[in-house]
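Labels below follow one simple rule: chain letters A, B, ... track the order of the sequence lines, proteins then strands, and each chain is numbered from 1. Values below: every heavy atom of this structure, side chains too, minus hydrogens, waters and symmetry copies.
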Amino acid sequence: MSNSANDQRVIIQTDIDFFYGQVEELENPALKSQPFGVQQKHIIVTCNYIARAKGVRKLQLLGDALKACPELFIVNGEDLARYRAASKGIFHLVRSLVTGQKVERLGLDELFIDVTDMMEAHLTELGWNGDPDSTTALEEVQTFRIPLNGQSFTYNPYNWIGFKIDSDGDRMSQSSQSQKRLSWQTIKLHAASHLAFYIRNQIKDRLGFTCSAGIATSKIFAKLAADVHKPNDQTLLCPDKYAAFLEPLHIRKIMGIGYKASRTLCKNLGLLKDEHQANEDDALDDVEEAAQEGEAWYLPELTVSYVHQHCTIQQFLKWFGDRQGPLLWDLIHGIDNSQVLPTPLIPSQISIEDSFRLCKTMADATARLHDLSIDFIQRLEVELRVKDEFVKYPTTLRLTTRNRGKNDDGTWRDSKGLRDTRISKSSRMPVDVFDISRSIPERADALVEQSLLPMLRNLVKEPFALTLLNIAAAHLSTKRPATSIQNLFAKGKSIEETSPTTTPPLQQPLKRKRSNEEVDYDDDTGFAPSDYESMVLLGDGDETWDTCSICGKAMFTWGMQAHRLYHEKETRNQE
DNA sequence: TGAATTGTCT
DNA sequence: AGACAAT
């Protein structure tokens, strides 16, 4: 029980219930009464709880899902635009409720909120002297003010809301026990549970989404707590229960321990054949076999307590190295000092990708690149353009491919086996991408011809077997890129030579050990984009609705930007 | 182990 | 540039 300042944090994690599904329900409420799933390619990525009751699972093959539930209604979820817009709306709403606090986005549907400062400011108002171990007796009605929006709620500091896991077990909220004295630490967490409840209600009332939430003193436990009472409820996990809570869990439940680390542990503990003993065919057979068992991939269940009993720190250092070893060791012991990292308003990287069974010709690849490029430039506009100006300019363009390897007999390796080997090339982003006087298809054309095709030729030789293409924009700068004239000059030269610094690269040795990508990469804090912020702060309720000026359809404001693009695409397709 | 992203750490 | 993590 180290009593470091880190243990005094208060972190709320929120997780929107079946996020894609709820976005679909909000646009089409008729969905709510029947089992339905959201499809991407050949899998059901998520489904509502009616479908889950009938055996449909997340990330299930479409065929299996229909087998389990033949009446399953299917919605296509390959266009992420509406989900991104909804996600942004939620993010901006929550930020506005906890102004000054750190809010980190994880994927589209989860948030970590570090409300430590807010809670301690509140305690101070109640008379706290800053000593974490002190106790007090308080009135049963206290007021918590939400800064800057004028709202407040009352709560009982002897009580919590939602579920609580502490030394007395998992209990529902009870009426006040009228204890005489409470530790301030407990009050802090109780109050945080009420704040989490307020936040969840705001998300529901203003945007229409239900979510689950967890409250704890670290990211790991806040997230684990949010998982305990799943749809539409919340759980406070008290520090005195961390150890007991962790023991029975499968290690994969711990954020930060992924497939590879998990497999390394299994192998070293003798729970899995290691690769020396098994030839490739045997390994593949194992995969097939385990996959048929319906198990999550093919690792055996390995619990935290098993690792506790069979591993030493020395082993972790040996298996995972000096950097990762101690981190992983801490994680399985419930120590997580990782900070909530505020997510900037503008992403640091934007990429789009498409996967497919097989692409073996340049002609095919070119066509796919062209389609992707249109979506890509559209994305850049949505994310980086405000009115008539880009507010950030990516300086790097990256093309990534995923190839199938060849077997000894020359056939293409199956999708099972060693997979996801991606290779990529980067180049300078051509400035014409930002030329808003030209149409998007025009710019996409140029991008393919000038940049992407040369890069692709560099990546693969003619008889290839592509299964994925990804286009990324990285290294965002606030500076306008060089004009096209300057760009012509720069063509074929190294990045250092084109950088605006006047330092001559003479003293650089010819053998580059790593091209220091000293591209103009200024890292300002974001920039208030679009209208989410104001939308979320103004009024109560009806201003979150909007009517499309083109088709008259009523919809949430957070969906308008994507909707407008939909009309643009439609008009273009009709030409 | 499916999809589409994004981020961190070598 | 790529491996690995997360959703």
Which nucleotide sits closest to the side chain of [X]: [options]?
X	options	value
A:R402	B:dT5, B:dA3, C:dT7	B:dA3
A:K260	C:dT7, B:dT5, C:dA5	C:dA5
A:L341	B:dT8, C:dT7, B:dA3	B:dT8
A:E353	B:dT5, C:dA5, C:dA1	B:dT5
A:R252	C:dA6, B:dT5, B:dT10	C:dA6
A:S351	B:dA3, B:dT5, C:dA6	B:dT5

First encountered from the 5' end of DNA chain B, between A:P347 and A:F356: A:F356

Toward the 5' end of DNA chain B, by each residue's nearest nucleotide, A:Q324 or A:Q40: A:Q40

Salt-bridge present (A:R368, A:D364; N to O < 4.0 Å): yes

N-O pairing of A:E353 and A:R402 below 4.0 Å: no

With sugar-phosphate meaning primed atoms plus P, OP1 and OP2, does [X] contact a base, only sugar-phosphate, or nothing at under 4.0 Å between heavy atoms?
X	result
A:L106	sugar-phosphate
A:G256	sugar-phosphate
A:K223	sugar-phosphate
A:A261	sugar-phosphate
A:I257	sugar-phosphate
A:I254	sugar-phosphate
A:R105	nothing
A:S426	sugar-phosphate

Does [X] put a side-chain nitrogen or oxygen below 4.0 Å from OP1 or OP2 of [N]?
X	N	result
A:R323	B:dT10	yes
A:T400	C:dA1	no
A:S348	B:dG7	yes

Can you check the [X] [atom1] to [N] [atom2] distance for me, whole Å?
X	N	atom1	atom2	value
A:F19	B:dT5	CZ	C1'	13 Å
A:F320	C:dA5	CZ	C1'	13 Å
A:L108	C:dA6	CG	P	17 Å
A:Q349	B:dC9	CD	P	15 Å
A:D15	C:dT7	CG	C1'	9 Å
A:R422	B:dA4	CZ	C1'	9 Å
A:L331	B:dT8	CG	P	16 Å
A:R357	B:dG2	CZ	P	9 Å

side-chain contact (heavy atoms from CB on, under 4.5 Å) partners of A:Q339, counting only residues at least two apart: A:N6, A:R9, A:K102, A:L341

With A:D15 via side-chain contact (heavy atoms from CB on, under 4.5 Å) - residues at least two apart: A:Q13, A:D109, A:E110, A:K230

Polar contact flag, side-chain donor to acceptor under 3.5 angstrom, A:Y83-A:Q22: no

Selection: residues 41-48 of chain A, any non-hydrogen atom under 4.0 Å of DNA chain B: A:K41, A:I43

Residues, nucleotides or ligands: over 12 heavy atoms within 6.0 Å of A:K41 NZ: yes

Residue pairs, two or more places apart or on separate chains, that pass side chain to side chain donor-acceptor pair (under 3.5 Å) and touch residues 316-325 of chain A: A:N268-A:W319

Side chain to side chain donor-acceptor pair (under 3.5 Å) pairs, two or more places apart, involving residues 62-74 of chain A: A:K54-A:E71

Non-neighbouring partners of A:D371 that pass salt bridge (Lys or Arg N to Asp or Glu O under 4.0 Å), sequence neighbours left out: none

